[in-house]
Protein chains: 2
Amino acid sequence: MTSQDKTITPLRVASLASQVHDALTEMLLSGELRPDDRIPMRELAERLGVSVMPVRDAVARLVAQQALVVLPNRAVAVPLLTRGQFRDLTEVRVHNETHAAALAARHATPAQVAALRQADAAFAQALGAPDAKPSVRANKELHFLLYEAAGSAVLVEVIRALWLKAGPIINLDLEQDTRRRRTAVSRALHGQLVQAVEARDPQAAADAVEADIRSAAEFILSRDILPA
Amino acid sequence: MTSQDKTITPLRVASLASQVHDALTEMLLSGELRPDDRIPMRELAERLGVSVMPVRDAVARLVAQQALVVLPNRAVAVPLLTRGQFRDLTEVRVHNETHAAALAARHATPAQVAALRQADAAFAQALGAPDAKPSVRANKELHFLLYEAAGSAVLVEVIRALWLKAGPIINLDLEQDTRRRRTAVSRALHGQLVQAVEARDPQAAADAVEADIRSAAEFILSRDILPA
DNA sequence: TTGCCCTAACTGTGATCTCAGATCGCGCGC
DNA sequence: GCGCGCGATCTGAGATCACAGTTAGGGCAA
């Protein structure tokens, strides 16, 4: 290594607050955090081995992203949406995620299409795992590969915030059988989605995403999970 | 007042962090904060008469909302968007704000329609003021009355975050003449918008909002304000 | 004059403490 | 048995301090 070597990437360590934010994000998306769960900051700080400051920062971020709410007694919690609010969230997701899917069908690079195929295969494989985490993660990865292929960073951020709100509801820990029935539907729709992108068919891509979102939402709304 | 009196609203004082967040939000939306402006937290804390803690919280929120960015040297700043990024932001705004306008045209209550008329009149009046603040505020109020009439709280929050990003660019302090030319266009489009809502015409409402957003964006892009 | 180095000041991040409000549990009185 | 009051504990918000990285300015050498 000489002084002419320009290939060294500058090292930037993620702040503790960012790391806490990432950890909480993962807990929201995976369903580990459930609607109405409290987030006791001192306890979480102890659990993560940091002081309360980075936890506060991370929580403040997630409150701003509407992924957490401050209750009237100042407690911070995962929002418990009413059925109506969940429907609203679903509609806004459909509106933005179908748009991203259509853009992706038009703009995806060959490498992105290949990555989508791989993600589809990975999702299928994750369905065989005994616990839900691999399939939840594989589902998220496939969707975000798709949305990133839309070529709109702003749209991806909008969708990311929506997923933070939806994650605890959609990924509630279900019994194995229920989950298997649910994800078989997604499996088929993901297949159609990837085919639509390959075929450069924006309408089919949007339709597949919409069906995926709606089937997941109808499943939640068909069960007595959310208050009226 | 007796012990049977149920009309007393519980008093809840906004936290200092929330107040700082509101103050910064206003500064972003009004154009007082410009792209690439730094936000020195200690200085702002002193200026607002609080310690640095609530400023940190507020800044963390706005970073999460993408309204502020953390630079590689850790400084917090108003994002300086490239022309491409601004176009992306504009497209996502069009996609969501037209949707909200169409929903509003379908769902607005008579009271909301009346409030829109009033906001239109207030905007016209604010155009006569010698400085830009009243018209910037009146513009925002009219738009958010409209979007709230859509009946989708999630959609309003998405739009709010988009406005936080767009505010510093769109509301850059302009000379009087330039601003007058700009806002005369908005004036006409706002009129069409209110008529479309009154007429329950979703397509006309969406078209008016799109034209409003695009004309403001094209104005910015036509000037050498943003980097390529 | 220019470039490099050093030092002081600035700045965000994290730690810790204090305060005030909320909650919970227990005891007492009706 | 139930309700109320009190005290202890918990909890988030705010203040303050320390640390480490960054920046800017000044001085010196080539």
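The chains referred to below are lettered A, B, ... by the order of the sequence lines, with proteins before strands, and numbering in each begins at 1.
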Would you kindly give the [atom1]-to-[atom2] distance between [X] and [N], to the nearest whole Å?
| X | N | atom1 | atom2 | result |
| --- | --- | --- | --- | --- |
| A:Leu16 | C:dA15 | CG | C1' | 11 Å |
| A:Leu48 | C:dA15 | CG | C1' | 16 Å |
| B:Leu71 | C:dT13 | CG | P | 11 Å |
| A:Arg56 | C:dG12 | CZ | P | 17 Å |
| B:Arg38 | D:dT22 | CZ | C1' | 12 Å |
| B:Met41 | D:dT16 | CE | C1' | 16 Å |
| B:Arg74 | C:dG14 | CZ | C1' | 11 Å |
| A:Leu44 | C:dG14 | CG | P | 14 Å |

**Request:** Describe the nucleic acid contact of A:Met53 in one word from base, sugar-phosphate, nothing, applying a heavy-atom distance below 4.0 Å.
**Result:**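 Base, at least one base atom sits under 4.0 Å.
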
What does A:Ile39 touch in the nucleic acid at a heavy-atom separation under 4.0 angstrom: a base, only the sugar-phosphate, or nothing?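 A:Ile39: backbone/sugar contact only, no base atoms under 4.0 Å.
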
>> For B:Arg47, I'd like to know if atom CZ has over 12 heavy atoms of other residues, nucleotides or ligands within 6.0 Å.
In response: no

| query | Does B:Asp57 or B:Arg42 map to a spot on DNA chain D nearer the 5' end, using the closest nucleotide for each? | reply |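 Here B:Asp57 is the residue nearer the 5' end.
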
Please check if any side-chain donor atom of B:Ser30 sits under 3.5 Å from a side-chain acceptor atom of B:Asn171, or the reverse.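 There is no such pair between these side chains.
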
Notebook entry, point to check: Does one side chain, of B:His190 or B:Asp212, offer a donor that lies under 3.5 Å from an acceptor on the other?
Noted result: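 Yes, because at least one side-chain N or O of B:His190 sits under 3.5 Å from a partner of the opposite role on B:Asp212.
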
| query | Is it true that B:Glu91 and B:Arg214 have a side-chain N and a carboxylate O under 4.0 angstrom from each other? | reply |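 B:Arg214 and B:Glu91: salt-bridged.
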
Next item on the list: For the helix from C:dT1-D:dA30 to C:dC30-D:dG1, figure out the bend between the end axes, five pairs an end, and round to 10 degrees.
Entry: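 Comparing the axis at each end, I get an angle of 10°.
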
The nucleotide from D:dT16, D:dA15, C:dA15 with an atom nearest the side chain of A:Pro54 is C:dA15

Should the pair A:His143 and A:Tyr147 be assigned to parallel (<30°), tilted (30 to 60°) or perpendicular (>60°) ring geometry?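 Rings of A:His143 and A:Tyr147: tilted, as their planes differ by 30° to 60°.
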
Quiz prompt | Side chain proximity check, A:Val20 to A:Asp57, heavy atoms < 4.5 angstrom | solution =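 With C-beta onward as the side chain, the pair stays apart.
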
Where is the tightest heavy-atom contact between A:Ile220 and A:Ile169, given as atom of each residue plus distance?
->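 What the structure gives for the nearest pair is CD1-O, 3.3 Å.
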
Original post:
Does A:Ser51 put a side-chain nitrogen or oxygen below 4.0 Å from OP1 or OP2 of C:dA15?
Top reply: yes

- May I ask you to evaluate whether A:Asn73 reaches the phosphate of C:dT23, defined as a side-chain N or O under 4.0 Å from OP1 or OP2?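 A:Asn73 to C:dT23 OP1/OP2: side-chain N or O found under 4.0 Å.
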
